[in-house]
Amino acid sequence: MLDYTMVIVLIGASLLGILSGVIGVFILLRGQSLLGDAVAHAALPGIVLAFLVTESKNILVLLSGGAVSGAAGMLLMTLVTTHTRLKKDAAQGMVLSIFFGLGLILLTVVQKRPITHQSMLNKFLFGNISTILYQDLVCIGVITSIVLLFIIIFWKELVASVFDASYMQSVGFRQQSVSFLISILILITILIGLQAVGVILMSTLLIAPAVAARQWCDSMRSVVIVSGFFGALSSIMGVLLSNCMVGIPTGPMIVVVASGLVFFSIMTASFIAKRIKNFSVPPYTGVTQTNTHTQKNTHTQVRTQAYAQSRICFCYMSKKYIKQKDRA
Amino acid sequence: MNSKKQIASSLALSVKKLTVAYHDTPVLWSIDVDVPAGSLLAIIGPNGAGKTTFMKSILGLLPTLAGSVSFLGLSAAHAAKSGAIAYVPQRMSVDWDFPISVEEVVMMGRYGSLGWFARPKQHDKEIVIDALRQVNLEALAQKPIGSLSGGQQQRVFFARALAQQAEVYLLDEPFANIDAATEQILVYILQQLAASGKTVLVVHHDLHTVRTYFKTALLLKNRKIAYGPVEQVVTSVYLDQAYGNRYYYTPPAISHSGGDPDYISPAGKVSSWGEL
């Protein structure tokens with residue numbers, strides 16, 4: 001079972017899982033869970049356009065196209081929020097649907113043209129990590145190390161700016177620089193993560209490991225490490241499970257595993273917290289424990305999104321299954 | 001000539017013709033304020049008067065339409081870089097569910113002087129512990145901030161500002177939703193800072209306590225209504241201008257003996273606040 005291709009796929013999947021898990025914590029804590037979704041969808045028209053123009057199947061060429069339109073989407077969101085009275089979520093929803101619609105139109109144009117390899121574009125919709133080659137793995141490895149290195153170097157500035165941006169500005173750290181850095185790291189992560197789960201499910205791979213990790217840890221360092229681990233775990237499990245079951249695509253499987261991890265973490269962590277409360281009354285230390293309620297509220301939105309994502313997955317998987325049955 | 005120069009250098013904050021607008025609504029019109037070092041200044045005014053906007057725009061957090069701001073004779077950006085300004089934002093402006101410990105938040109007070117890349121050293125850790133001791137929170141240093149009460153959260157923010165060892169302290173509504181005991185501790189800290197020659201500016205909303213807590217006051221209502229010693233600013237004439245006759249206020253008669261032109265006899269008016 002563990003042949004050469006499988007090892008490459010597993011290493012590639014776990015690297016992507018680690019990277020999106022780590023960056024996901026910053027997205028989650030910035031309160032921009034929808035941002036990842038919007039940027040991933042915004043990358044689609046760029047990828048398809050790059051394919052139309054160059055007709056190349058080189059992953060770097062396609063992803064550079066995606067980077068341009070993803071960055072354009074990000075810029076549009078910033079412009080909308082700074083120059084109109086629209087809120088962040090409205091801007092994100094708008095960019096998401098406009099760019100994704102554009103991408104789908106372009107995809108139809110491609111399918112009507114007599115170009116070879118056009119079926120490979122489908123992998124950007126739902127992802128297909130099982131087709132990656134050794135060259136892709138090297139590329140993923142280099143980019144992952146660079147992004148992680150940046151996070152380690154700018155750790156202090158990144159964490160403090162996500163926590164309290166206006167304070168950091170008041171002590172002389174230019175917030176435009178920090179936001180720019182975070183945006184670039186998010187964009188890169190999303191682009192290379194597209195190979196694993198595709199534009200539609202990308203936001204789950206970013207948010208789910210971070211939400212699950214937040215249930216268990218109370219310090220930034222441990223949340224980031226555990227989130228990276230959860231990301232890798234769900235990617236590896238997803239690949240192995242889809243490998244065992246014939247005809248089940250890897251991308252949606254990874255997302256289902258990640259969502260399961262979120263569900264398990266939220267249930268277990270709150271269950272353990274309840275048991276501790278019931279069985280031992282903590283001695284009074286001057287600390288009031290009133291945060292459980294607010295914590296639940298902040299996660300509700302993310303949880304709803306995770307449910308929606310897993311529903312998309314299930315629909316897609318059952319469709320594939322029915323198709324195969326029909327063929328048989 | 002020499003004395004004039006000395007006055008200029010002992011100014012902690014100098015604001016000239018500051019004008020700020022949100023979209024197309026003007027919020028602050030041509031504000032001129034000179035705050036000498038060692039002041040303990042309350043910025044007061046009704047809701048929407050531009051108190052928070054004033055604080056944010058002198059810090060350079062909001063774009064200004066016109067005017068200039070200088071701290072200790074330096075430009076605002078330069079003073080911020082040198083770590084001379086400690087800003088305490090409104091408590092609810094951050095996510096208190098953030099996975100970070102009390103000590104780590106207070107350590108952010110050292111980041112300004114550390115600059116980019118540099119990691120905190122032993123010296124910085126000692127300053128942080130000392131700041132936590134001043135607000136009586138050493139015991140909670142390793143606790144996640146999510147487990148703190150409102151008063152403790154505000155004390156964490158104070159400790160962060162103290163750890164900066166700044167010259168000018170700008171606090172935005174530090175006593176909002178804080179119990180009376182914590183308020184007394186925090187006011188004492190601010191008075192100690194002012195007594196040691198630091199400059200403290202506080203956006204304050206409670207007109208009952210302004211006279212007891214602060215020495216000087218700046219009354220805003222989009223424009224500067226009054227600025228000076230607190231007992232000359234918090235008077236019926238000026239408050240009517242700012243609050244538009246919505247409140248009757250009678251200052252205590254014993255507060256000062258000098259002939260204050262703004263002072264109005266309390267005859268016929270209720271002796272405390274009452275809404276019309």
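Residue B:Y22 does not touch chain A at all, counting heavy-atom pairs closer than 4.5 Å. Using a 4.5 Å cut-off between heavy atoms, B:I100 touches chain A through backbone and side chain atoms alike. Contact of A:V159 with chain B is made through backbone and side chain together, with heavy-atom distances under 4.5 Å. In this structure, no portion of B:L170 lies under 4.5 Å from any heavy atom of chain A.
Most heavy-atom pairs under 4.5 Å with chain A, from the set B:I85, B:V88, B:V94: that is B:V94. Most heavy-atom pairs under 4.5 Å with chain A: of the set B:Q164, B:R160, B:H78, this distinction falls to B:R160. Most heavy-atom pairs under 4.5 Å with chain A: of the set B:P99, B:A77, B:G112, this distinction falls to B:P99. The residue among A:F173, A:Y167, A:W155 with the most heavy atom pairs within less than 4.5 Å of chain B is A:Y167. Ranked by non-hydrogen atom pairs under 4.5 Å with chain B, the options A:R221, A:Q175, A:H83, A:R85 are led by A:R85.
Using a 4.5 Å cut-off on side-chain heavy atoms (C-beta onward), B:D32 and B:K17 make contact. Side-chain contact check for A:S14 versus A:S235: every heavy-atom pair is 4.5 Å or farther apart. Residues B:I145 and A:F163 meet the side-chain proximity criterion, which asks for heavy atoms closer than 4.5 Å. Two residues are said to be in side-chain contact when any heavy atoms from C-beta on lie closer than 4.5 Å; B:V35 and B:T199 meet this criterion. With contacts defined as side-chain heavy-atom distances shorter than 4.5 Å, the pair A:V178/A:F154 does not qualify.
Although no hydrogens or angles enter the test, the distance criterion places no donor-acceptor pair under 3.5 Å between the side chain of B:Q142 and the main chain of B:E103.
A cation-pi geometry, defined here as NZ or CZ lying under 6.0 Å from the six-membered ring centre and within 45° of its normal, does not hold between B:K198 and B:Y169.
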